[in-house]
Amino acid sequence: MPTAFEGWDGTPAAARAMQAELASQVRLRDGFRKPLRTVAGFDVGFEDAGRTTRAAAVLLDADSLQVLESRCVRIPTSLPYIPGLLSFRELPALLQVLDALSQTPDLALLDGQGIAHPRGLGVAAHFGLATGVPSIGVAKKILTGSGPEPHDTRGAYTALRHDGRQVGWLLRSKLHCRPLVVSPGHHVAMASAADLVMRWVTTYRLPEPTRLADRLASRRDDR
DNA sequence: GCGACAG
DNA sequence: ATCTTGTCGC
């Protein structure tokens with residue numbers, strides 16, 4: 001299993017410095033195969049009062065949304081949750097569950113931020129950089145930045161801005177529901193992110209890939 | 001110094 | 001994230 005943080009001394013300060021460095025390597029240009037054939041959703045949950053970390057991955061056909069494969073892995077939790085350092089806590093399990101898939105997805109959707117992060121490296125961006133798999137962050141809440149409320153129309157979105165530049169979108173994936181925070185990770189253009197996510201939204205607030213991964217990681221089913 | 005703070 | 005049932009409302 002490759003360590004996601006080669007040379008990290010374990011301190012939060014070093015983690016932040018590493019994020020700033022890695023963020024400069026993120027590429028905001030569509031770098032995925034077109035047309036997309038597969039998309040996978042990833043999420044992490046915890047058991048045993050947090051002592052065990054569980055990561056789930058669900059691979060879908062990008063057009064039919066048919067589930068092709070579901071995987072789940074468990075490893076000991078290594079770090080507590082620290083705002084801004086989520087990837088250092090969740091990436092090890094996420095990389096393992098990616099390896100558990102029989103095929104690499106053309107695109108990955110992760111629960112959390114892409115570049116809409118204090119130093120530009122949310123868990124989705126870090127995952128994309130570490131794996132080379134194009135990624136998008138689909139979060140339920142803002143971590144950094146702000147933007148106007150999108151109209152209450154399915155598919156409406158507005159720009160999320162931070163430090164004077166756009167870092168993502170506020171996307172009304174479902175009528176009368178709080179908008180999702182969508183931000184590109186690695187190898188996905190800002191202009192593509194929101195439309196891509198809407199492609200896999202059906203009748204729920206979350207797009208199918210992460211919604212299904214959520215269910216697996218959060219206890220409801222297994223396998 | 002005082003809040004804010006993905007999962 | 002997680003502990004937890006029913007309930008009000010679009």
Side-chain angles (χ1 to χ4, degrees), chain A residues 4 12-13 15-16 19-20 22-23 26 41-57 72-97 108-130 135-147 149-154 156 160-163 167-186 193 197 203-207 209-221:
Chain A
R16 295 186 182 99
Q19 290 180 324
L22 292 173
V26 172
F42 295 82
D43 191 31
V44 170
F46 300 87
E47 307 172 349
D48 306 310
R51 290 186 296 275
T52 300
T53 297
R54 174 210 303 223
C72 208
V73 302
R74 277 163 244 247
I75 64 174
T77 299
S78 52
L79 295 173
Y81 167 66
I82 301 172
L85 299 184
L86 186 67
S87 65
F88 286 75
R89 170 171 160 89
E90 301 190 343
L91 215 42
L94 289 169
L95 297 182
Q96 272 195 33
V97 81
L109 265 42
L110 289 95
D111 212 317
Q113 315 294 342
I115 64 167
H117 173 279
R119 289 164 295 283
L121 198 82
V123 64
H126 201 159
F127 176 93
L129 213 46
S135 61
I136 298 178
V138 181
K140 295 179 284 299
K141 298 192 291 197
I142 290 173
L143 170 62
T144 304
S146 62
E149 181 87 355
H151 288 112
D152 200 5
T153 300
R154 194 187 122 97
L160 173 71
R161 312 181 61 80
H162 176 59
D163 285 341
V167 294
W169 304 97
L170 296 180
L171 172 65
R172 188 80 67 185
S173 55
K174 177 178 180 173
L175 210 56
H176 303 158
C177 280
R178 291 161 41 217
L180 292 177
V181 183
V182 175
S183 60
H186 194 43
V197 170
T203 64
Y204 301 89
R205 178 161 90 119
L206 294 178
T210 53
R211 187 182 72 82
L212 295 173
D214 253 308
R215 278 184 13 174
L216 269 191
S218 300
R219 201 97 222 192
R220 292 248 29 185
D221 354 31

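Chain letters run A, B, ... following the sequence lines, proteins first and then strands; every chain starts at 1.
- Across the protein-nucleic acid pair, A:Leu79 atom CG and C:dA1 atom P stand 18 Å apart, rounded to whole Å.
- Remark: A:Leu121 CG to A:Leu129 CG distance equals 6.5 Å, nearest 0.5 Å.
- Contact annotation for A:Leu175: no contact, since no heavy-atom pair falls under 4.0 Å across all strands.
- For the atom pair NE2 of A:His162 and CG of A:Leu143, the computed distance is 8.5 Å after rounding to the nearest 0.5 Å.
- How far CG of A:Leu109 is from CG of A:Leu206: 10.0 Å, rounded to the nearest 0.5 Å.
- Of the possible polar contacts, one joining the A:Ser135 side chain to the A:His186 backbone as a donor-acceptor pair under 3.5 Å is found.
- Aromatic ring pairs are classed by plane angle as parallel below 30°, tilted from 30° to 60° and perpendicular above 60°; the pair A:Phe88 and A:His126 is perpendicular.
- Contacts of A:Gly122 with the nucleic acid, taken as non-hydrogen atoms under 4.0 Å apart, include base atoms.
- A distance of 9.0 Å separates OG1 of A:Thr53 from CG of A:Leu79, quoted to the nearest 0.5 Å.
- Within 4.0 Å (heavy atoms only), A:Tyr81 reaches at least one base atom of the nucleic acid.
- A:Val181 comes within contact range of no nucleotide atom at all, as no heavy-atom separation falls under 4.0 Å.
- Here chain A contacts DNA chain B (any atom closer than 4.0 Å to a heavy atom, that is under 4.0 Å), and the contacts span B:dC5 to B:dG7 from 5' to 3'.
- Note: CD1 (A:Ile75) to P (C:dA1) measures 18 Å, nearest angstrom.
- The shortest distance between side-chain heavy atoms of A:Ile75 and A:Pro92 falls below 4.5 Å.
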| Dot-bracket summary - DNA chain B, pairs being Watson-Crick or G-U whose distances fall under 3.5 Å, with | when paired to another strand | .......

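- If A:His176 and A:Asp214 are placed on DNA chain C by their nearest nucleotide, the residue sitting closer to the 5' end is A:Asp214.
- Between the A:Thr210 side chain and the A:Leu110 main chain, no donor and acceptor come within less than 3.5 Å of each other.
- C:dA1 atom P lies 11 Å from atom CZ of A:Arg89, rounded to whole Å.
- If you check every strand for non-hydrogen atoms under 4.0 Å, A:Gly84 touches a base.
- The shortest distance between side-chain heavy atoms of A:Val123 and A:Leu94 falls below 4.5 Å.
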